[in-house]
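A quick note: this is a predicted structure, and the numbers were derived from the prediction, not measured. The figures here come from the full heavy-atom set of this structure, side chains too, leaving out hydrogens, waters and symmetry mates.
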Amino acid sequence: MIQKDKWAWAWVPILYFTQGLPYVMVVTVSVIMYKKLGISNADIGLYTSWLYLPWVIKPLWSPLLDLKSTKRNWFLLMQLIVSLSFLAIGFALPTNIFFVTTLACFWMAAFASATNDIASDGYYMIGLTQEKQSFFVGVRSTFYKLANVTGQGLLVILAGFLENYYGDNTKAWSITMICAAVLMFTLTIANYFTTPKFESSSAITLEKPNSFLEVFSSFFKKPGIGIALAFILFFRLGESQLVKMASPFLLDPPEAGGLGYTTAEVGTIYGTIGVIMLTVGGILGGILISRHGLKRWFFLMVLSLNIPNAFYAFLAITNSSNLAAVVTTVILEQFGYGFAIAGFMVYLIYIAEGVSKTSHYAIATGFMALGMMLPGLVSGYMQEWLGYDGFFIWVVLAALPSLILLKYIKYPPEYGKKGADKSTS
C-alpha cells in the first residue's frame, strides 16, 4: 500500500521540469529556430501561434484521462511521444520540406505536451495531501522555470555555438533538436523510476468525473463567468504578441528595424538573467498574495505585465542596441511577467473552485491559452505592417482592456491569503 507524499522530493521536481521543457520548446524555441532558418515574421507569428491550440482545447479530452488507464501511464506515454517528435524535427530540418514537416512534428509534440500537463497535474493532486500540495507548489514552479532556462537558454546557446562552429544554421539546429530529444527521453526514464504507482494503491481514493456535459455546463453557470472569461482572454493581449516578436526584434539586423543580436546572445539574455528575474517575480508575487490576499496586489501585477512593453517601444523607436538598455528591458519584462502570472494563476484557481475543480481548471487554462493564441496569430502581420516601433506602441495600448475589466471581476479580496476564508466575497 503506497501512502500519499511518498518520495515527493524525488518525483515532483523531475515531473515538472519534464512538463516545462516541451512547452518552452514548442512555444518559444520554435520561434527562434524558424527565424534563424529564414522564415518570415508573418509566417512565424501565424504558424507557431497555432501551436497553442492543444492547450486551448485540452479540456475536451481531459476527462478521458480519468476514465482510461492511469495518469502515470498517460504522462509517461506522452513524454515518450514528445521525445520522438523532437527527434523527428532534428532529422527533418535538413530536408527541402523542413517547414511543413517540422511544424507537423511540433503539432504532435504540442498535443502530447498538453495531455502530459493534464496527467501530471492530476497525478500531483492524487499523490500529495492538500498540505503538501501547497508546500510543493513553489518547488514545481521553480523546476518548471528551470526547464525554461534549459530550453530558451542553454539549448539556444548551444544552437548559437553550433551555428558559429559549422557555419550552417540548419545543421546547428538539427543537432540541437536531437539533443533536446535525448534530454526529453532521459527525463521520461527518470520519471518512470521516481514516480510511485499511487493509482493502484488502496490508500488512494480516486475521484471519477461526472459526465462530459455536466462538467462543462457547470463551469459556464458560475456567477460572473462572462466577465471573468473576458478578463482571462484579454489579460495577456499585449504580452501574447510581444512574446512572438521579441526574439525576432533582437535578432533582425538594424536595416530591418531590429537590434542585430546573435542567437547565442539572445539565448544568454533570456535564458539566464531573464529566467532568474522571472523566478524572482513569481516567488515574490506568491509571497505577497499569501500575506495580503490577491486584491491588494492584482492591479499592480497587471501593470507590471504591461509597463515593460513601453521599454521595447523605446528600443525600437530609438533603434538602441545598447546592451545595458536591452538587458534592463528583458529584466523588467521577465520580472513583470513572473510577478503578474502569480496573481493570474491564483485567480484561475478561484474560478475553478467547487465541484469538478480539476476539469474546471483545465477549462480556465484553456481560455488562457486561447487568449495567447489568437493575438499571436496576427502578431507577425501586425509587425510587418507597423514596423517594430509601431508594433510595440500597439502592444502598449493592448494593455487597456485588461486594466478596465479588472475593475469588474469579482473575487474575495483576501483570496489566496494564508488562513483566509476562501468562501467569503
Side-chain angles (χ1 to χ4, degrees), residues 27 45-46 48-50 52-53 55-57 219-220 222-246 249 281 285 289 294-314 316-317 329 332-352 361 363-383 385-413 415-416:
V27 171
L46 176 63
T48 63
S49 291
W50 276 113
Y52 282 115
L53 185 62
W55 285 277
V56 174
I57 63 176
F219 178 81
F220 292 101
K222 291 176 180 283
I225 193 64
I227 196 72
L229 291 179
F231 176 73
I232 292 171
L233 286 170
F234 283 106
F235 178 77
R236 300 172 73 176
L237 179 61
E239 185 254 345
S240 62
Q241 297 173 82
L242 182 137
V243 74
K244 285 296 178 185
M245 292 297 114
F249 171 58
I289 291 171
L294 181 60
K295 183 74 172 181
R296 178 183 290 193
W297 296 102
F298 211 8
F299 177 74
L300 183 60
M301 287 173 167
V302 177
L303 282 180
S304 74
L305 181 69
N306 293 284
I307 287 177
N309 300 344
F311 286 78
Y312 276 96
F314 173 80
I317 292 169
T329 299
L332 292 173
E333 176 211 347
Q334 294 295 295
F335 175 85
Y337 171 78
F339 188 57
I341 208 68
F344 188 52
M345 299 312 288
V346 169
Y347 178 70
L348 294 186
I349 292 172
Y350 168 72
I351 293 296
Y361 186 76
I363 295 172
T365 55
F367 273 94
M368 177 186 70
L370 182 63
M372 288 290 291
M373 184 186 79
L374 294 179
L377 288 173
V378 299
S379 59
Y381 295 102
M382 293 290 289
Q383 184 278 315
W385 176 40
L386 299 172
Y388 280 115
D389 49 358
F391 171 76
F392 287 121
I393 291 172
W394 153 245
V395 167
V396 171
L397 296 175
L400 294 176
S402 61
L403 288 169
I404 294 170
L405 289 166
L406 182 62
K407 291 183 58 179
Y408 298 99
I409 60 173
K410 304 294 184 182
Y411 56 93
Y415 188 82

message: Between L242 and E333, is there a side-chain heavy-atom distance shorter than 4.5 Å?
response: yes
- prompt: Any side-chain heavy-atom pair from W394 and Q241 closer than 4.5 angstrom?
  reply: yes
query: So which heavy atom on A369 is nearest to which on V56, and how close?
result: C-CG2, 3.3 Å
message: Using side-chain contact (heavy atoms from CB on, under 4.5 Å), reason through L403 and L303 one step at a time and then give a plain yes or no.
response: CA-CA 8 Å; L403 288 169; L303 282 180; 4.0 Å; yes
field: Whether over 12 other heavy atoms sit under 6.0 Å from F314 CZ
entry: no
message: Before we go on, tell me: are the rings of F231 and F298 under 6.0 Å apart, centre to centre?
response: yes
task: Nearest 0.5 Å please: distance from the CG atom of L405 over to the CG atom of L229.
output: 11.0 Å
- request: To the nearest 0.5 angstrom, please state how far the CG atom of L294 sits from the CD1 atom of I289.
  value: 5.0 Å
- prompt: Under 4.5 Å between any side-chain heavy atoms of L377 and W50, yes or no?
  reply: yes
message: Restricting to salt bridge (charged side-chain N to carboxylate O under 4.0 Å, His left out), what partner residues turn up for E239, sequence neighbours left out?
response: R236
query: Which heavy atom of Y411 sits nearest a heavy atom of K295, and at what distance?
result: OH-CD, 3.5 Å
- line: For I409 and A228 the tightest heavy-atom approach is CG2-CA, 4.4 Å
message: Please determine whether ring-ring contact (aromatic ring centres under 6.0 Å, His included) holds for the pair Y347 and F235, giving the CA-CA distance in whole Å, both sets of side-chain angles, and the decisive distance to 0.1 Å.
response: CA-CA 11 Å; Y347 178 70; F235 178 77; 8.8 Å; no
statement: Separation between CZ (F367) and CD1 (I232), nearest 0.5 Å, reads 8.0 Å
message: Counting C-beta onward and ignoring hydrogens, is there a side-chain heavy-atom pair between I404 and F234 closer than 4.5 Å?
response: no
message: Show, in sequence, the C-alpha distance, side-chain angles and deciding distance for V395 and Y312, and conclude whether the side-chain contact (heavy atoms from CB on, under 4.5 Å) test is met.
response: CA-CA 9 Å; V395 167; Y312 276 96; over 6 Å; no
- prompt: Is the closest side-chain heavy-atom distance between F344 and M368 below 4.5 Å?
  reply: yes
statement: On a heavy-atom basis, the closest approach of F220 and I225 is O-CG2, 3.3 Å
message: Can you confirm whether K244 sits close enough to S49 that some side-chain heavy atom of one is under 4.5 Å from a side-chain heavy atom of the other?
response: yes
- request: Answer yes or no: is there a side-chain heavy-atom contact under 4.5 Å between S402 and L305?
  value: no
- prompt: Any side-chain heavy atom of W55 within less than 4.5 Å of one from T365?
  reply: no
- prompt: Where do G376 and S379 come nearest, in terms of heavy atoms and distance?
  reply: O-OG, 2.8 Å
field: V27 and M372: CA distance, side-chain angles, deciding distance, side-chain contact (heavy atoms from CB on, under 4.5 Å) verdict
entry: CA-CA 10 Å; V27 171; M372 288 290 291; 5.8 Å; no
- prompt: Got a second to check how far L374's CG is from L53's CG, nearest 0.5 Å?
  reply: 9.5 Å
query: Residues two or more places apart in sequence or in another chain: which of them pass side chain to side chain contact (heavy atoms under 4.5 Å, CB included) with L332?
result: P308, F311, T328
query: Does the ring centre of F391 sit less than 6.0 Å away from the ring centre of F249?
result: no
task: Could you tell me whether the side chain of K222 and the main chain of I351 form a donor-acceptor pair under 3.5 Å?
output: yes
